[in-house]
Structures are given as C-alpha cells and as structure tokens.
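Here's the structure we're looking at; comments come further down.
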Amino acid sequence: MAAITMTSARRSSIPTPAHLRSQLPPPLDFSSHLPPPTKVSSSQVLVQVYAVAIDASDVAYLDQKGQGDVGKWVPGRSFVGRCLSVGVDEREIIRGDIVIGLLDLRKSGALAEYVACDRRRLARAPSSASLTIEQMALLPLQGLPTLRAIAVTPPRGTHALILDAHIGVAALVCQALNRSGVCVTAIIPGGDAEAQARCMSNGARGVLIGSAVAVMHGLEEDIFEYVLDTIGGQRVYEAARRIIKDGGRLVTLCEPDSSMTVTPISAKSSSIKTFRAAFASRRKTSKSIAFEHVCSPGTGEPELDASGLDRRDMLEEAKLAALEPTVGEVVRFEKGASAFQKSATSVIRIIN
C-alpha cells in the first residue's frame, strides 16, 4: 500500500520554528511498502482515501514523533474517500458511499491509499455538486471548528467582525454568519484585491485593510456583538474588547496568551474552552464579554462538545454541507511530504 511515512525522527521538546521548516528536509517520504488494513472491526469503515487536508497541527506534531515511529507512522487526519467495506454493526454507510472523516491527531493515518476509521469519526459526504474533492477533504478540518465558533450565533441584523475572512475557518464563519443574517465586516492585513474579493464572496458587507489592532483602535467603541480572532495575543484582545458591546462574544482560533487573566465560567470540559475574560479593570468598563477558544479539531478535545455532539454528529450537521472551504495549495500524493515543510493548510490529492 502506498503511503506517506516517517523516514527519520527529530523528536524535540522545542518545536521547529516555522521559518526553518522549509530549509530542513521533511522527516517523511512516499513509500509503497506499508501493509494495508486487513481487518475491519464491527464499528469501523474501510475507506479508499481520495484526498487529505493538513494544517499547522499536523506539521507541528512531527516534532513529537520518535525513532520508534520511523517506517510505521502515517500522518494526516482530515480526509475524503470512498467506502470499501463496513463492520457488522454499521447500518447507514454502505459500500460505494463517499465519506468524510477526521482522525485523532495522535493516531492520524489518513495519508495512505486505505484507512480503517471508527464510525464515530466519519459521515457520508455532503451531496452538494458544487464541492470539489479538495473542498470535501477540508470540511472536517475547517468545518468542525466553524460550527463550534458559531454555536452561539448573534441575532439576525447584528454586527460581527472577522479577521482574515478570505481564508480558512474565518472564511467559513463569514459564510455561516452571513447566511444567518448577521452583518459581517472583515479585516485583512494587506491590499490584495483577490483577498478582498474572497471576503465579499464569503458574505462580508465591507472589508477593512491594515493591521488588525490598528484598524480596531480606529473604530468606534461598542459596535460589534461578535468578533472572530485569528491572530491571538493581548493587544488583539484589548483592541477587540473596546469595540465589542456589553454581552458580546470574542472567539479566538489561537491558544490564549498565558499572560492573559481569565476566569473560567464553566467547569464543563469541552472542545470549546470558554472563559469570562477580565479584559480591563472595572474602573475602565463594566462590560461583560464572553471569550471562547476554539481549538483545531482532533487535537485532544473531549469526545463530546459542550452541546453533547460528538464528531459524527457534527459531520452530519446540515450547516456543514452549506460551507465552501477555500482551497490553497494542492500537492500530488508522491510529493506529499513537501507539504510538511510549511505550516500553511494544504490538500494532498491521493487519486488523480
């Protein structure tokens, strides 16, 4: 069976800096010697993989693999493919169905011709004729955090601000909020005409250009009910706090800064880490702002999210089928190892 496998280990307690990855040979290579899955348990589905989407989490996880993983470990967790066979307990998915799935990062294994996946981690792919194979590979990776980011959707007619609404999860959040009747404004870092056009096609009513912090400080106070942050850091949080209305919500896709003072408002463990943030002293404001961190899916979050849905439930959500991911770089299977030399999201196409 052909697959992308570990060829060397660079296990280190210090992650490889992103700017150095492109200068180092990837610890992966194309191989045709891996044995295919021979057994499918009662709760599994055997899938012929068509394409796999990878992100910064997949790339960074390579630093945690050791010498014992060489020749064995296969990366990749978000995939689309065709069902070849199912376990005896499966009654919904049948042979020939196109499916999408998301494996756990610690196990991975999708960058191969075939993968046996637990039924709880996949679903029948949306029947939308407008989605390409590459977009369907991205749906689990970007669609699940999108659904979590809009779990509490602002009311129709309210205003939202989204950073980088032209790419990634932010683009899908923009699409979803626009469909819900929310007035979306986007911020992008440069004057790229194509990026502006993408924001507008994703549903943004307007596009602001420049440094996110500078742009937010130039806006009036208390004008947005919802802000989606893709940058992270105290300066972004403080600038966002200023423009969010009392009772509003700040959702970030970045791990919260360790120096930020936050107090948990819920002891319930979920894939969305929810906090009530003390952004400023009460002498400055008494605004109550909900702060939520949505992590990359499959990276260790609990099986059930705050609403009680597991991965399969979310992959079957009707809202997921309406999303149209933005496809960046597409890499051929034989050259798939090169995609791990950078942290950008890309799709590795296994079938031609």
Side-chain angles (χ1 to χ4, degrees), residues 44-59 61 74-83 92-93 97-112 114-128 130-151 167-173 175-176 253 270-272 294-305 307 309-330 336 339 344-351:
Q44 286 185 319
V45 176
L46 180 63
V47 179
Q48 179 187 10
V49 183
Y50 286 176
V52 176
I54 65 167
D55 67 0
S57 296
D58 295 290
V59 176
Y61 195 61
V74 176
R77 68 191 200 278
S78 181
F79 67 89
V80 59
R82 180 172 65 94
C83 170
E92 297 180 8
I93 301 293
D97 279 348
I98 303 300
V99 296
I100 56 175
L102 185 79
L103 304 170
D104 288 328
L105 180 63
R106 289 172 297 179
K107 183 178 180 182
S108 295
L111 271 172
Y114 308 100
V115 64
C117 178
D118 192 285
R119 178 63 177 92
R120 295 176 302 157
R121 290 170 169 78
L122 61 71
R124 189 176 286 111
S127 57
S128 172
S130 64
L131 291 178
T132 64
I133 288 293
E134 291 81 6
Q135 286 177 311
M136 286 193 282
L138 284 163
L139 265 183
L141 189 67
Q142 297 181 347
L144 297 193
T146 296
L147 295 182
R148 288 164 179 156
I150 61 169
I167 55 173
V169 174
L172 301 187
V173 172
Q175 294 174 18
L253 304 180
S270 75
S271 57
I272 300 180
V294 178
C295 62
S296 184
T299 56
E301 73 272 24
E303 287 293 327
L304 300 180
D305 68 5
S307 59
L309 300 179
D310 66 9
R311 205 168 298 172
R312 171 181 170 179
D313 295 327
M314 300 192 76
L315 289 171
E316 293 174 344
E317 274 277 338
K319 290 181 180 179
L320 194 74
L323 302 176
E324 297 184 4
T326 300
V327 179
E329 183 181 19
V330 179
T345 299
S346 58
V347 177
I348 300 170
R349 179 124 185 182
I350 294 180
I351 64 164

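- The shortest distance between side-chain heavy atoms of Ile54 and Ser346 falls below 4.5 Å.
- Looking at heavy atoms from C-beta onward, Pro126 lies out of side-chain contact with Leu323 at the 4.5 angstrom threshold.
- Of the charged side-chain nitrogens involved, at least one lies within less than 4.0 Å of a carboxylate oxygen, so that Asp118 and Arg120 count as a salt-bridged pair.
- Gln44 contributes atom CD, which lies 14.0 Å from atom CD1 of Ile93 (distance to the nearest 0.5 angstrom).
- Counting only heavy atoms from C-beta outward, the side chains of Arg77 and Ser57 approach each other to under 4.5 Å.
- Between the CD1 atom in Ile150 and the NZ atom in Lys319 there is a gap of 5.0 Å [rounded to 0.5 Å].
- With hydrogens and angles disregarded, no donor-acceptor distance shorter than 3.5 Å links the side chain of Glu316 to the backbone of Ala123.
- Between the OG atom in Ser296 and the CG atom in Leu141 there is a gap of 5.5 Å [rounded to 0.5 Å].
- Atom CG in Leu172 sits 9.0 Å away from atom CG in Leu147 (nearest 0.5 Å).
- A donor-acceptor contact shorter than 3.5 Å is absent between the side chain of Gln48 and the backbone of Gly81.
- Ala125 and Ile100 get closest at one heavy-atom pair: CB-CG2, 3.9 Å.
- Taking the side chain as every heavy atom from C-beta outward, Gln142 and Thr345 approach each other to under 4.5 Å.
- Contact annotation: the side chain of Ile350 never approaches that of Phe79 to less than 4.5 Å [non-hydrogen atoms, C-beta and beyond].
- With rounding to the nearest 0.5 Å, the separation of CG in Leu144 from CZ in Arg311 is 7.5 Å.
- Residues Ser130 and Glu324 come closest through the heavy atom pair OG-OE2, 3.7 Å.
- Val294 places none of its side-chain heavy atoms less than 4.5 Å from the side chain of Val169.
- Among all heavy-atom pairs drawn from Gly76 and Leu103, the shortest one is O-CD1, 4.0 Å.
- Summarising the geometry of Cys83 relative to Val45, their closest heavy-atom pair is SG-CG1, 3.7 Å, with the distance given to 0.1 Å.
- In this structure a side-chain-to-backbone donor-acceptor pair under 3.5 Å is present from Asp310 to Arg312.
- Between Asp97 and Glu92, the closest side-chain pair of non-hydrogen atoms is not below 4.5 Å.
- The shortest non-hydrogen separation linking Ile348 to Gly336 is CD1-O, 3.6 Å.
- The one candidate from Val52, Val327, Thr132 that meets the side-chain contact (heavy atoms from CB on, under 4.5 Å) condition with Leu138 is Val327.
- To the nearest 0.5 Å, atoms CD1 (Ile167) and OG1 (Thr326) are separated by 8.0 Å.
- Looking at heavy atoms from C-beta onward, Ser78 lies in side-chain contact with Leu102 at the 4.5 angstrom threshold.
- Minimum heavy-atom separation, Arg121 to Cys117: CB-SG, 3.9 Å.
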